[in-house]
Each structure stands twice: as C-alpha cells, then as structure tokens.
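Computed from heavy atoms alone, side chains included, the values below leave out hydrogens, waters and symmetry copies.
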Amino acid sequence: MITSRGFIEYNPHSTLSQMSLREPPPVPLRASYGLMGAAGVFINMIFFIINIVSDCVLAYVLWQQAEFAPETHELLTWFIIALSIIIIPTILTNILSLVWYYENKQCLADTCVLQKMTKWQTAVRIIMHLLLLGQIIRYVDIVRYGTKMKRQTRRVETGEYGSSVLRRSPKGELYAALQRVMSRDTAMLDMIHSFLQDAPQLVFQIFLLYHSHSPGINISNEFTSITTTVQVWKVVLGVLGISWSVVWYQDELRRVVSDWDQPLNCCGITTCVIWRVAMVSSRIIAIGSFTAIHPVDDVHADHHTIFTIYMREDGTVYIPFTIISTCVLLAHWLIMTAWIHAQGTNFCSRDDNTKRPVLELLYNCVMGVVHIFSYINIKEAPSRRRMAFYYILCLVESTTMISVWCVEMESQYTGVWFRATIVFSVEMLWLLSMCCIVGYYAFLHPDKDNNGGGGNDKTQTSRLQL
C-alpha cells in the first residue's frame, strides 16, 4: 500500500506470493536500480570528488598569488571572494541535506520500521555533514537501497501456461521507494549546489582571467601561467558539472512520476548534456566578459578597486561594470522568481496538499538563481511558450552584454579576431543549444509520441511525494 506521502506501508506478514499479479507494482520494475543507475551515481561521486579537489587547488593558487604580491590588495580580495563562493553554498546544501534526512525519517516513522536509523547510522550521517561531505553518504544510501531492492525482486508464476512475471516483495517495494526518494533528493541537492557554487565561481574565474593581465596587477609569468591553467580547468569542470546535475535531476524526476517510468537512453542523455553545456557556456562567457569590462585609459582607475564608484576628471561618475552586472543579474533573478511564482508551483506542499508559502517562496527564489543560467521546467504543462520566452530573453540579454564588451574593450583587445571569436562563441553556443532542444524533443524524448515534442516534462512533483 502506498501512503499519502508516497511511501510503502510495510506489512511484515506479507509474502511475495500474496502480491496481486494483475495490478502493476507501485514502483515500476523498468525503473529498477540497475547498471545505468549505478553508473549515474558513480559519475556524480566522481564529479563531487574532483570538484572538491579543484576547489582546494583553486583556493591554494589564489592564496599563493596574493602572498607573492602583497602590495596588490586586489589579489587578497579575489582569494576571499573565491573562498566564500566555495564554502557558503557547501554549508547551505549540507544543512538542507540534514533537514531532508530528518523530514524523510519523520515521514517513514509511522509506516515503516526498517527506516528507523540506529544511533550509529545517525551519528555517521551527522559527522559526514559536519565535514561538508553529506552528498557522499547520500550516494552510499542510494547504492545501498538500490542493491537491497534488486535482491527483493523475484519471478512469480501466474499459473497460466507456466508463465511468470517479475515482482518485488513488500520489502522490495519499500526499498524501491526509499531509493527513489533518496535519488531524487540527492539530485535536487546536487543541482542546487552546482548553481549556487559553480555558476558564480565560473563567472568570477572568467572575470579573473580577463583581469590577470590588467594594469596594476603585478604577477610573475610563472604564477600567471599556473593560476590560468587552474582557472581554465575549473571553468571546464564547472560547466560539465552544472550540465550533468540538471540532466540527472530531470531524469530522476521523470522516474518519480509513475506514468513516466521510461529513463533516457544514451543518445538522449548525451543530447541533453550538450544542450545544457552549450547554454550554460554561452551565459557564463557573456556574463563573465561583461563583468570584466574595465577602463584601461583612465589614470584614476588604478587607484580604485573594481567595486568603487568614483568621479572622473571630466566630472562624470564612473560606475564599475561589476556593479552594473550585479544589478542586471539581480533584475534577471527578480523577473525569473516572479515568473516562477506566477506559475503556481506546489513543490513544498504538505501531505494533504496544503501549501507552505514561506518554503514555496524560498524554493522559487532558488529556482530564480537557476534560471539565470539555464531553464528548468517546473510546471506540469506544455512548455513551448515558457521555453521560447526564456531563451529569447537570454539571447537578447547575452547579445547585449557581449556587444557592450566588444565595444568597450576595443582599446585593450585591438585584435579583431579575439573579440569576434568571443562574440561568435556566445551566439553559436546559444544556437547549438537550440538545435539540441529541437532534436531532443522531436526524436529522443521518452514521451515524444504523446506530447508532440512540446516538452511536457511532468516535473511538478512535491519533494515529499512520489
């Protein structure tokens, strides 16, 4: 029996032979945890470990750079900003992970004796989260529940012509529900972490790549080469991490919806990853380049930080593009948050479908940050118009940003080929993402025959419900 929270009510006296052979099992068997599921968890774990290592290396080289040139105060500021972008989102996601562990345990306490964690299990999870490694223990839980679910799958004879069907025992159904809940929550946490940490970090590192050779920054060629290599590696890794987190999250949501139990095939996953990589790269390059605009012919520019508003000799007020870019992104975030809220999301509802306005608003704010860089369908309805609105808005915004950069930085980057390459990259990456969208919804979408390629992703599912 499935409870109102979407979990399986476990009856210890039930047997596999007592299960109905005519009614489909609560968790579709084709959505079972198998090789693809294990591979997905393994890829996420690898991304997580590499991300930690790259964050540590990036912080180290920026610190060494600041130590080598103590007279350049901006270098220390850059190190502090980069370190803050690494630590703060990691703390927030680990706190959120612990809260979700608690909520899931509360949900299961009345209906399941198997999910009551021992003190040792609880202590391990708390310690891992205090070490900011909560996602690692979640990956372990996914594998643990998935393995137990597979062991509880048996063939049951129907009594007709000696045929048999696959069915799970009541314990197997419980483990299947737990595995799906854990996978979905972990995918959501990975996506939130990627957009709160990696996306701002990528913009900041592109900003630093432009400024590493600007006047007033005295760094040796050796330090510049090492730092540039680490920054480029971090940008590439971050784009891949963000793109994969979105694809995995959407695939997990598809598994949650009972009538959409068809997982993506390899071609679909590859196309979705390319789609997200192209769009995120286009946005990151445009935003990072726009933020990095700085005056190279202003004699007073070297005596002010990149965040200082000052008066020029001609009496005009100069506002740094870092502040202008922040205002543009803040406006974009407000528009996206209001737009998402107007769609009537119901992500944080209680068991009886009553809304929790504060949590729902917080969820909308987080999704507003996500929509600065990529589109996520959060409403169970055809999404053609919403996708068209979002991608046209991003095209206009990115084109405006990169055009302003091209004009403003003409005196510093006199080579027309460099500026043309950056502008061309932003536009072509956007076009590539559009081609992937059309190809995915026309040929590779699991429900393409029913939605006509309209992108009707049924992702309006409460986090606490299957």
Side-chain angles (χ1 to χ4, degrees), residues 47-95 131-133 135 190-214 216-243 245 280-281 283-294 304-308 320-326 329-330 333 369-370 372-373:
F47 266 122
F48 181 77
I49 295 174
I50 295 178
N51 191 52
I52 292 177
V53 174
S54 63
D55 286 340
C56 295
V57 174
L58 177 64
Y60 176 77
V61 296
L62 291 177
W63 168 255
Q64 288 295 310
Q65 188 173 268
E67 283 285 297
F68 182 80
E71 70 281 357
T72 307
H73 299 291
E74 279 194 346
L75 296 178
L76 182 58
T77 303
W78 295 350
F79 164 74
I80 294 174
I81 293 175
L83 190 62
S84 300
I85 295 175
I86 293 171
I87 294 178
I88 294 176
T90 304
I91 294 175
L92 291 177
T93 51
N94 276 271
I95 292 175
L131 296 175
L132 304 182
L133 298 174
Q135 286 162 289
D190 283 351
M191 188 182 69
I192 291 175
H193 182 262
S194 293
F195 281 99
L196 292 183
Q197 184 195 83
D198 290 339
Q201 191 72 271
L202 299 186
V203 173
F204 185 59
Q205 294 311 311
I206 289 179
F207 168 85
L208 294 185
L209 287 172
Y210 280 113
H211 275 260
S212 60
H213 301 286
S214 63
I217 304 299
N218 301 315
I219 313 173
S220 69
N221 292 332
E222 179 183 358
F223 271 102
T224 301
S225 176
I226 295 174
T227 305
T228 300
T229 301
V230 174
Q231 289 171 328
V232 171
W233 166 248
K234 181 61 182 177
V235 169
V236 173
L237 181 65
V239 169
L240 291 175
I242 291 174
S243 304
S245 69
V280 171
S281 299
R283 295 290 292 163
I284 291 295
I285 294 173
I287 297 172
S289 300
F290 183 79
T291 306
I293 297 175
H294 61 281
H304 299 87
T305 68
I306 56 176
F307 305 104
T308 304
F321 275 86
T322 50
I323 297 179
I324 297 176
S325 179
T326 301
L329 296 181
L330 181 61
W333 171 73
V369 175
V370 173
I372 294 178
F373 303 95

Mind checking the [atom1]-[atom2] spacing from [X] to [Y]? Nearest 0.5 Å is all I need.
X: D190; Y: Q135; atom1: CG; atom2: CD; result: 4.5 Å
X: I52; Y: L133; atom1: CD1; atom2: CG; result: 5.0 Å
X: I86; Y: I91; atom1: CD1; atom2: CD1; result: 12.0 Å
X: T93; Y: I88; atom1: OG1; atom2: CD1; result: 12.0 Å
X: F207; Y: T322; atom1: CZ; atom2: OG1; result: 6.0 Å
X: F79; Y: Q64; atom1: CZ; atom2: CD; result: 10.0 Å

Where do L83 and A59 come nearest, in terms of heavy atoms and distance?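 Reported closest heavy-atom pair: CD1-CB, 4.2 Å.
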How close do S289 and I206 get, heavy atom to heavy atom, and via which atoms?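 Smallest interatomic distance, heavy atoms only, reads N-CG2, 4.2 Å.
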Should [X] and [Y] count as side-chain neighbours, where that means a heavy-atom distance under 4.5 Å?
X: V369; Y: L196; result: yes
X: F321; Y: T291; result: no
X: I192; Y: L92; result: no
X: L76; Y: W63; result: yes
X: L240; Y: F47; result: yes
X: F373; Y: I287; result: yes
X: I324; Y: F290; result: yes

Do you see a donor-acceptor pair shorter than 3.5 Å between the side chains of N51 and Q197?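 A donor-acceptor contact under 3.5 Å links the two side chains.
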Residues forming a salt bridge (charged side-chain N to carboxylate O under 4.0 Å, His left out) with D198, sequence neighbours excluded: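 D198 satisfies salt bridge (charged side-chain N to carboxylate O under 4.0 Å, His left out) with K234 once adjacent residues are dropped.
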Go through the steps to decide whether Q65 and I226 satisfy the test side chain to side chain contact (heavy atoms under 4.5 Å, CB included), and finish with yes or no. CA-CA 10 Å; Q65 188 173 268; I226 295 174; over 6 Å; no
Would the distance check show the side chain of S245 and the main-chain N or O of I242 forming a donor-acceptor pair, the cut-off being under 3.5 Å?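 Checking the backbone N and O of I242 against the side chain of S245, a donor-acceptor pair under 3.5 Å is found.
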I'd like to know if the side chain of Q201 and the backbone of A82 have a donor-acceptor N/O pair within less than 3.5 Å.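 Such a contact is found between Q201 side chain and A82 backbone.
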Parallel, tilted or perpendicular, as decided by the 30° and 60° cut-offs, for the rings of H211 and W78: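 Because their plane-to-plane angle is over 60°, the rings of W78 and H211 count as perpendicular.
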For N94, all residues meeting side chain to side chain contact (heavy atoms under 4.5 Å, CB included), sequence neighbours excluded: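 Partners of N94 under the side chain to side chain contact (heavy atoms under 4.5 Å, CB included) test: T90, H129, L132.
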